[in-house]
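Atoms within each ligand, like the ligands themselves, are counted from 1 in listed order.
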Amino acid sequence: MAKVNENYQKLPGSYLFSEIARRTAEYTEKNPEAKMIKMGIGDVTRPLAPAVIEAMHAAVDDMSKEETFKGYGPEQGYDFLRNAIAENDFRAHGVQIDDDEIFVSDGAKSDTGNIGDILSVDNKVAVCDPVYPVYVDTNAMAGRAGDYDEETQGWTNIHYMPTTAENGFSPAIPDEKVDVIYLCSPNNPTGTVLNNEQLKAWVDYANANDAIIMFDAAYERFISEPNVPHSIYEIEGAKTCAIEFRSFSKTAGFTGARCGYTVVPKSLVRDGQSLHDMWNRRQTTKFNGASYIIERGAAAIYTEEGKKQIEETLDYYRNNAKVIKDGLESAGLEVYGAVNSPYVWCKTPNGMGSWEFFGLLLEKANVITTPGAGFGPSGEGYIRLTAFGNAADTVEGVERIKKLIATL
Ligand code: PLP
């Protein structure tokens with residue numbers, strides 16, 4: 001009899017976004033006239049930059065002619081894109097990353113999920129709480145998480161690091177030995193960042209304990225403050241302990257186009273094995289490369305006009321984030337994130353639960369948000385709002401929330 005991966009049976013249902021959709025549908029069925037404003041989902045809404053579209057069109061034309069047609073591409077990504085990434089995202093900022101340390105993919109979700117393929121099942125994993133659920137669920141699927149405990153709403157073999165206002169959203173170095181540490185900065189969902197000193201402490205820990213840091217920088221482009229590292233490789237010692245994930249999704253609106261990349265330094269060695277060579281082996285075996293057309297589109301964001309155009313779109317979202325933050329603060333709410341992130345992490349008023357405040361905003365302001373508790377127990381007492389919506393809707397949504405808060 002074929003046996004299935006029993007770890008899948010242990011996974012709790014992916015409850016958060018389906019529950020939000022269910023509650024929203026229940027409300028709108030009863031109130032069909034309500035004009036709902038979506039401030040919950042982490043997906044972009046602005047179209048791709050003209051330079052990207054142009055490059056993709058040209059790539060389609062390449063596919064139409066025998067001389068320029070492309071079949072299977074390199075599994076690691078085309079040289080033109082690996083070079084543009086290494087040059088612009090790293091070397092231009094004084095961070096020495098070689099072209100062949102860049103692995104292009106169809107996005108950071110795949111890479112953060114797949115990276116566990118090259119790790120032993122025996123590793124102890126540490127994650128922030130609240131957390132982007134992919135890190136936890138993929139480790140659970142691999143059998144690295146132990147069992148799910150309904151009471152604590154966590155996995156028995158995962159080390160959870162509360163990341164809350166109380167500790168300045170900087171997770172404490174574990175008191176037990178951990179082997180794999182997932183860090184996300186700017187963070188989803190809290191919108192907060194780790195500074196140089198905080199990241200240096202993690203790099204030192206990882207090097208001292210032969211651990212590996214999985215550094216997710218999917219929201220790097222939203223960093224606006226100085227002293228906030230854009231890459232973990234800005235920190236001395238990181239190239240011997242860290243893998244970095246990046247995505248074009250929020251940088252350039254590629255959530256639907258799909259493209260991202262992972263940096264695995266050649267100097268990262270554990271158990272006598274090169275993680276770079278292992279990831280290369282994994283990718284060449286299980287992945288046939290991102291699409292040529294999409295990679296051409298991604299490379300266009302590094303051209304002069306591409307750079308300018310994606311900045312305009314990023315500014316649009318950055319402005320939304322500021323509108324949300326300023327508006328909620330003026331209503332007297334405690335607000336985090338937004339400055340270096342498209343996410344606004346807002347403390348619920350009067351000690352309300354996440355789902356209770358979500359329900360209130362849904363029904364009394366017709367604004368859809370995301371309850372913080374859905375990202376982990378330490379997200380209780382917060383909601384997440386996103387800056388990826390239409391600007392006029394964002395202004396309107398914030399006004400409605402302000403009016404509602406004034407009545408509490
Ligand atoms: N990492 C984080 C922290 C995210 O929030 C997301 C998307 O929401 C991703 C990775 C996935 O990015 P991609 O669209 O490149 O798969």
Does NZ or CZ of Arg144 come closer than 6.0 Å to the centre of the six-membered ring of Trp155, within 45° of the ring's axis? no
Test of understanding: with ring pair (Phe, Tyr, Trp, His ring centres under 6.0 Å), list the residues that count as partners of Trp202, not counting sequence neighbours. none
Using the salt bridge (Lys or Arg N to Asp or Glu O under 4.0 Å) rule, collect all pairs that involve residues 171-192, keeping only residues at least two apart or in two chains. Lys124-Glu176, Lys177-Asp179
N/O donor-acceptor pairs under 3.5 Å from side chains in residues 115-123, not counting sequence neighbours:
from   : atom 1 : to     : atom 2 : distance (Å)
Asp117 : OD2    : Arg282 : NE     : 3.0
Asp117 : OD2    : Arg282 : NH2    : 3.4
Asp117 : OD2    : Lys286 : NZ     : 2.8
Ser120 : OG     : Asp122 : N      : 2.9
Asn123 : ND2    : Ser120 : O      : 3.1

So, is the end of the Arg23 side chain (NZ or CZ) under 6.0 Å from the ring centre of Phe358 and within 45° of the ring's axis? no
Considering only heavy atoms, which protein residues lie less than 4.0 Å from any atom of ligand 1? Gly107, Ala108, Lys109, Tyr132, Tyr135, Cys184, Asn188, Asp216, Ala218, Tyr219, Ser247, Ser249, Lys250, Arg258
Tell me whether Lys70 at atom NZ has more than 12 heavy atoms from other residues, nucleotides or ligands lying less than 6.0 Å away. yes
